Amino acid sequence: TYNNGPVQLTEGKHVDTHVVEYRPPEEVDEFRLERCDLPASEASSMRGVDGVSVLIVCGGDGVIEECGNTPGSVGITHKAAVGSTLLVAADTHLTLRAGPAGMLAFRAMARNA
């Protein structure tokens, strides 16, 4: 259950240069969020998690590579632009590569995944 009250802003924690993880307050145990904000032509990895996750591209464009359960391996490659949404299987590492305009993507997953 939830209690009505003021909005609580969540401070993010950098998990690498371009990825920030947001965990809601302890009483919200359903999900967490990662933001990947890539400058033009940069790349970043997002580690696999224990459960399914959803990745949504909200800005720019580029390529998203599914890397299976081994970082650095390359599996399926997807062209991505604003509005692209991927349902990502458990334990799937991702590499995001921004195009010339950069890329902004968010990934939501279970809090303890």
Side-chain angles (χ1 to χ4, degrees):
T1 63
Y2 295 94
N3 295 321
N4 291 332
V7 173
Q8 295 180 1
L9 295 179
T10 302
E11 293 294 322
K13 174 186 159 194
H14 279 271
V15 293
D16 82 9
T17 305
H18 303 296
V19 179
V20 177
E21 177 185 66
Y22 298 90
R23 286 186 178 262
E26 289 300 320
E27 61 271 10
V28 180
D29 62 356
E30 286 88 2
F31 69 95
R32 64 186 164 113
L33 185 71
E34 291 178 333
R35 179 189 74 192
C36 183
D37 193 359
L38 294 171
S41 304
E42 292 280 327
S44 186
S45 295
M46 298 177 99
R47 67 176 180 77
V49 295
D50 290 338
V52 67
S53 61
V54 177
L55 185 128
I56 301 170
V57 178
C58 296
D61 64 356
V63 172
I64 300 170
E65 299 170 352
E66 293 183 38
C67 305
N69 59 7
T70 306
S73 65
V74 177
I76 300 169
T77 300
H78 307 275
K79 289 183 180 180
V82 173
S84 295
T85 304
L86 277 76
L87 183 62
V88 183
D91 299 319
T92 301
H93 295 267
L94 300 172
T95 299
L96 284 67
R97 299 185 189 282
M103 184 181 347
L104 174 63
F106 291 88
R107 179 170 70 160
M109 68 214 80
R111 181 180 181 98
N112 296 318

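None of these values were measured; they are calculated from a predicted model.
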For Asp16, which residues count as a side-chain hydrogen bond (donor to acceptor under 3.5 Å, both in side chains) partner, sequence neighbours excluded? Ser44
Between Glu34 and Arg107, is there a side-chain N and carboxylate O pair less than 4.0 Å apart? yes
Going by side-chain hydrogen bond (donor to acceptor under 3.5 Å, both in side chains), name the residues that satisfy it together with Glu42, two or more places apart in sequence or in a different chain. none
Would you kindly confirm whether Phe106 and Val49 end up in one hydrophobic cluster when ILVMFWY residues are joined by side chain heavy atoms under 4.5 Å apart? no
Is it true that Arg32 and Tyr22 share a donor-acceptor pair across their side chains at a distance under 3.5 Å? no
Shortest non-hydrogen separation from Ala43 to Arg97 and the atoms involved: CB-NH1, 3.6 Å
Kindly indicate, with the supporting measurements, whether the criterion side-chain contact (heavy atoms from CB on, under 4.5 Å) is fulfilled by Asp37 and His18. CA-CA 5 Å; Asp37 193 359; His18 303 296; 5.8 Å; no
Taking the side chain as every heavy atom from C-beta outward, state whether Val52 and Leu87 have any pair of such atoms under 4.5 Å apart. yes
Any Asp91 side-chain heavy atom under 4.5 Å of Asp50 side chain: yes
For Asp61 and Met103, the nearest pair of non-hydrogen atoms, with its separation, is O-CB, 3.7 Å
Does anything in residues 75-87 form a salt bridge (Lys or Arg N to Asp or Glu O under 4.0 Å)? List the pairs, not counting sequence neighbours. none
Can you see whether His93 engages Glu65 through a side-chain donor-acceptor pair at a distance of less than 3.5 angstrom? no
Which of these, Thr77, Leu94, Val88, Ile76, sits in a side chain to side chain contact (heavy atoms under 4.5 Å, CB included) with Ile64? Leu94
Single-linkage hydrophobic cluster, 4.5 Å side-chain cutoff, Val15 and Leu55 together: yes
When you check the gap from the basic side-chain N to the acidic O, do Glu11 and Lys13 get nearer than 4.0 Å? no
Of all the heavy-atom pairs spanning Val19 and Ser45, show the shortest one and how long it is. CG2-O, 4.1 Å
Where is the tightest heavy-atom contact between Leu96 and Cys36, given as atom of each residue plus distance? CD2-SG, 4.0 Å
Minimal non-hydrogen separation, Gly59 against Val82, with atom names: CA-CG2, 3.6 Å
Are Met46 and Val20 connected in a single hydrophobic cluster, I mean Ile/Leu/Val/Met/Phe/Trp/Tyr linked by side-chain heavy atoms less than 4.5 Å apart? no
Same hydrophobic cluster for Met109 and Leu33, using side-chain heavy-atom links shorter than 4.5 Å among ILVMFWY? no
